[in-house]
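Notes to accompany the following structure.
In the text below, chain A, chain B and the rest are named by the order of the sequence lines, each starting its count at 1.
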Amino acid sequence: MVRYLITRLGQALVVVVLVTVIAFLILHLLPGGAARATLGKEATLEQLAAFNHDMGYDRPWIQQYGMYVQRLLRGDLGYSYQLNQSVVEAISQRLPKTMVLSLLSTVLAIVLAIPLGVIQAVRRNRWPDYAITSLSLLAYATPIFFMGLMMIILFSQVWPILPPEAPQGFTVAEVLADPAGLVLPTITLAIVTIAVYSRYVRSAMVDNLNENYVRTARSKGLSERRVVLRHTLRNGLFPVIALLGMYLPALFSGALVVESLFNFPGMGQLFWQAALKRDFPILLGVTVIISIATVVGALVADLLYAAVDPRVRLQRSAS
Amino acid sequence: MTTLSEAVRPGAVPDRPADADEAPVRGLWRQGLVVFCENRLALVGLGLFVLLAAICFLGPLFYHTDQVHTDLTKVHLAPGDQGHPLGTDGVGYDQLGRLMLGGQTSIIVGLAAGILATAVGTIWGAVAGFAGGWVDSAMMRVVDAMMSIPSLFLFMLLAAIVTPSVSMLIVIIGAFAWLGPARLVRGDALTLRSREYVQAMRGMGGTGGRAVRRHIVPNAIGTVIVNATFQVADAILYVAYLSFLGLGVPPPAANWGGMLSDGLADTYSGHWWLLYPPGIAIILIVLAFNFIGDGLRDAFEVRLRRR
Amino acid sequence: MIETSGRHTPAAGGTQPLLELRDLDTDIALRRGTVHALDGVSLQVMPGETLGVVGESGSGKTMTALSIMGLLPPGGRVSGGQILFEGRDLRSLPADEVRRIRGVRMGMVFQDPLTSLNPTMRIGVQVGEPLRVHERVGRAEARERTIEILRRVGMPRPDRIVDNYPHELSGGMRQRVAIAMALVCSPRLLIADEPTTALDVTTQRQILELIDDLREEFGMAVILVTHDLGVIAGRADRVAVMYAGRVVETAATGELFRSPRHRYTQALMEALPESAIRESGEHARLYSIPGLPPDLSRPLTGCRFAPRCRHVTDECRTTDVTLTAGEHQHACLHPVPAEPAAPVGLPTPARVEPAPDPAGAPAGPAEPAAEPVLSVRNLVKNYAAHGRGLLRRTAGQVSAVADVSFDVGPGETFGLVGESGCGKSTVGRLAVGLEQPSAGQIMLDGTDIAGLAGRERRRMHRQVQLMFQDSYAAMNPRMRVDAILAEPLEIQKVGGTAERRARIATLLDQVGLSRRVLERYPHEFSGGQLQRIGLARSLALQPRLIVGDEPVSALDVSIQAQVLNLMRDLQRELGLAYVFISHDLSVVDYMADRIGVMYLGKLVEVGPARDVVRAARHPYTQALIDAVPSVTPNPAAARDGATIRGELPSALNPPAGCRFRTRCPLAQDICATEPPLAGDAHQVACHFPLRPESAAAAAPAGAIA
């Protein structure tokens, strides 16, 4: 187990390093480069050269990357001239709020997806299964912002019970103080997640219900309820933990759209506005931070999975 | 895990003499076709796709509209007004004609990006899977790294750097959506490599090249094709997201995602015809590709099912 | 031992049957049509008796068990008849009541111990669950009783095992857990569905004995469902033979095996390899039942065995035959005459005692005086057991094959027998060049194959071919049979299109398949047909040697006989040599001229088939022979003999010296040093061989310490 832990940590570290390399390459190898991007189209060649020299961008790439990593390790992600604040500061204001949104919608999704998936598996190939499957597919095929808009039209216009805009609070506490405003963004972000998770739970449950051990459990005269809840559900849910980690990138992508739509002051919105204004220090900083969050999240999910599922635990500690 | 051996045969087996006996494949094709056709949703999906594609690509031949020049005298006409069945938008474009034009972009970008992603991913995954060892580890770590950057962030970063055109969109999406197929193909290559029929072939003195050509590729291609249909659906959604976030194709070019985002602005003004038609069109085409993918999966799987 | 006295008590009249099936019909609805899996099955089980239900796959034996337990697969339902348990019809009782009865009064043990336990639940929780649910016992008491029941099924250290997970145990141990789980509420009836099929023979024996002991101890009845006539013969009081969803014959065990009446039962017994081995050591041709069992989704009339029966008349095809009345019931219009002097084809038991060898020259084929086709010298294969992690440190070596040497002469069959994990399959894979040996030589026709490369290596593959256990897995599911058969010819660049096609036609004739198979895909064939196609592919290059890795182990007895006969015919016709690898001693005994016995990577005994099987010299060989269930119903004999106990040690760190010494009843200090493989024709690697080399086998019988 310890060895697995170390291996997995090592892998995660390699991945993080690669992420910084990719981000670095994107910024510095594309036409125009950072100078053009930062100074805009009107900048003269002399200005560009001076900027490049100041920033060290005229040195060899390896050296540049070294400097970049050094700054990264010092917690220096650069400075946004457009926001007039450091990237770290901008991100640290927004990150917790994105985390709150992601967490709330994930919790909501899990709470709804598990029973839905179980119902589908137990009633498989009958109408509840077909109904939920159709809805999941529909949710999956609908662009999130369109879905969000439907929500706004439905719950803010036709039947005005919820505000169409997310809370604009500066701190997490202020955001949480306006729960009504959080409802629509959370639900919108959760809907696709529910579709994905319930499909996964369904197939995991179906697979498990066809396992021989389920027949053994039934041969003990257990009620169907006990067979499903005590035997199959446990085994079907363990892998969902790992799925939580794998789903993080999609979740953050969804948050980006939802934050933009509901004007929620999180990382996604910050990133969106930076993209429109070509504010590269922010773009790069957010990309790196969100990727690290993804890697760490996936790592935690993986380790948790290995810790709770005896099959994985033994397999990983044995080999 | 499954496949369309026939899809690869003609080119992949050059050393094989053309043999009249070797028309076998029709048998498998037909079996798969039967299964696909038995899946009503798959047929619905295929029908939907054909219908939408026909409307978008053939429609303009019969339904002529001016999608280049704006006409500020005919802004926000309601459906049916002055011979505009779906009304006009904020700059006077005919909405139905625009849907056709936008659909062309969405379908082309979706198909091209999906195919590009599948191709890149297949090659990457296949090389990693066959090479094994540290090459495999290194290649898969790169995939891990790119996968941990949420794709929409990556697309926006790129779209912010280069101004997106239709072909640029294809490249951007295609260049970063291949990670899923890469993982899939690598997994397939690893399992197929150790199959008993590959061992049996080696026991006859066959080479690694033959194993790849005759056994591994034909058995992995099904997974790849099924996945490609889902990639197309995803790509269409990505285009919509980029458009919504203001980084789509600039006007006068149109795509459904962009039209839908533009329609968002009209939510409160009651111009529903600018909002729902593109939204529904996107949902339909994405559903269509998902149905087709599910149907193909069944079609490929059934052939492996024993008795 | 009082084993015989207990067996006849249930026959005492007046007692009510514990379980009675009356005209049971079971249907399974599949996507395309309904399979009538059971058709009018009637059976009785008396309290305390063991009923054996025997049949081939698709006969309905497992469906019978599952119908009783209410565990039919999705789409399955009992559509007619009664299931009377202790006088009450389970079909008419409320569902909750039935569930309770099944949980408390019945218990079931399934075939595959690897998958039939919940992998994420501790053993103790799983075993104790029925107590908690049905008897509402507290946690602590349930644990107490679980430990107790685990002790009674012979688990070592039950108080620690309760906290383990299933995959921490070996197959045999898991099956003990499954039995404990079935017995924890002290049921009246235990249904064991192929309980030992997935286990090695020595473990099988332990498990069967355990079930026997527990039956007496608990005074319960047992339904033993199996395909293996030998298992039934040794353990059951009465036997029901099933075919195509019906019971075709039922009788007391001794009676049935002595004098089968139904033509199917008779044919089944004649198809057993052990029935074809004569006392003299000559091998008669096996009787093989032609054709395949009927498709149960179609309407059937008349006797279901009629299309495959030697004694069929028109009447058989039209008249529905029902079981006769009485103790020995059968459903056959033209039964085997009752109590014939010597039942047709039934063996005079070949293996009752090691017969003193009639002096004389061995009757086998030419001794390997000619240059051997295959010569294996000091073969070693080690696998590195890798640790995970960046450095991939080698955690140790698995010694799969350790210093194995043997020769196979032209036209000879060399049988390689041993339990799972003994390295026999690895030897096979090494011999055909699929893997590289760690040390030692493999000489094909006098050439060491290790030194070959390129074209020479490719040509080497013409000489030797591998035949797989699961031909379906060994054929690309996307290739038609013509492409599959042509592949070896293409690889070896033999002939042009026309010649290849002609060659394939010849191959089909040789294995008895019609040309029509060429246009079909592997999934369209049955197991026996696939094995024929596999054999045809192996023959395509006209090899001199075929290595068969468990080639008939997945087949039913009647189909197995077809394939074994075919292999022998082809051997005679083409002068092939075989290395026949199997865990099944009776099949190897039937097929092989000489036998090698492997244990944990070592060849412990080699000799002429007759001598090895009838006058084994190594204690392991003897234990293996004793453990093989024989159709000769002789329960007393089945219980004697020194059974080996315990579990196979890990090949990661095998015992030094004689690898069998940790389980050997004769082991002494000297066994820590490695015994050489000594002897002339009948060699053994043992410090204390059970008997000297027989006079016939060796002229100088001296080489024993």
Side-chain angles (χ1 to χ4, degrees), chain B residues 1-9 13 15-29 31-32 35 38 133-134 137 141 192 194-207 209-211 213-222 298 300-307, chain C residues 31 390 392 429 432-435 455 457-484 486-493 496-498 500-501 504 518-527 530 534 537-538 540-541 543 547 549:
Chain B
M1 231 173 313
T2 47
T3 123
L4 191 64
S5 52
E6 48 280 19
V8 215
R9 284 217 178 186
V13 197
D15 62 326
R16 197 171 169 68
D19 190 336
D21 255 32
E22 262 302 289
V25 190
R26 204 170 292 144
L28 263 194
W29 227 162
Q31 282 179 36
V35 176
E38 273 173 7
W134 68 267
S137 306
R141 283 302 86 73
L192 287 171
S194 59
R195 283 285 151 86
E196 268 188 19
Y197 51 79
V198 176
Q199 294 178 24
M201 187 225 66
R202 282 175 46 215
M204 298 166 202
T207 56
R210 187 182 176 91
R213 281 198 315 274
R214 292 301 304 271
H215 298 279
I216 295 175
V217 170
N219 279 290
I221 199 90
D298 288 356
F300 290 131
E301 246 163 40
V302 99
R303 302 174 186 179
L304 294 188
R305 209 171 290 153
R306 233 185 130 175
R307 265 164 290 155
Chain C
R31 205 190 257 207
L390 299 168
R392 290 236 157 167
R429 296 169 55 83
V432 299
L434 273 181
E435 287 183 42
R455 173 188 290 267
R457 186 162 185 86
R458 197 175 73 211
R459 290 196 75 87
M460 175 275 287
H461 284 291
R462 290 192 188 187
Q463 297 297 315
V464 50
Q465 285 291 315
L466 186 60
M467 197 178 161
F468 292 84
Q469 169 172 6
D470 182 358
S471 276
Y472 182 69
M475 292 177 194
N476 186 337
R478 322 230 139 253
M479 279 164 73
R480 276 184 5 176
V481 170
D482 50 4
I484 289 171
E487 181 157 43
L489 302 172
E490 287 171 16
I491 291 174
Q492 295 286 348
K493 303 196 169 61
T497 313
R500 283 178 195 165
R501 220 184 291 169
I504 289 170
L518 288 176
E519 293 173 10
R520 294 164 66 189
Y521 290 89
H523 70 265
E524 301 173 66
F525 295 96
S526 69
L530 281 171
R537 180 172 65 176
S538 313
L541 296 168
V547 177
D549 188 1

Once you round to the nearest 0.5 Å, how far does [atom1] of [X] lie from [atom2] of [Y]?
| X | Y | atom1 | atom2 | value |
| --- | --- | --- | --- | --- |
| B:Glu196 | C:Tyr472 | CD | OH | 12.5 Å |
| B:Arg202 | C:Leu466 | CZ | CG | 11.0 Å |
| C:Met475 | B:His215 | CE | NE2 | 12.0 Å |
| B:Thr207 | C:Arg457 | OG1 | CZ | 13.0 Å |

Nearest heavy-atom pair of [X] and [Y]: which atoms, and what distance?
| X | Y | answer |
| --- | --- | --- |
| C:Pro477 | B:Tyr197 | CD-CE2, 3.4 Å |
| C:His461 | B:Gly205 | CD2-CA, 3.3 Å |
| C:Ala474 | B:Ala200 | O-CB, 3.9 Å |

Under 4.5 Å from any heavy atom of chain B - which part of [X]:
| X | answer |
| --- | --- |
| C:Arg462 | neither |
| C:Arg520 | neither |
| C:Leu434 | both |

One thing to verify: whether B:Arg214 and C:Glu487 come together as a salt bridge, which I'm taking to mean a side-chain N less than 4.0 angstrom from a carboxylate O.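 Here C:Glu487 does not pair with B:Arg214 in a salt bridge, since their nearest N and O are not under 4.0 Å apart.
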
Could you tell me whether the side chain of B:Met204 reaches within less than 4.5 Å of the side chain of C:Arg537, counting heavy atoms only?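 Of all side-chain heavy-atom pairs linking B:Met204 with C:Arg537, at least one is under 4.5 Å.
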
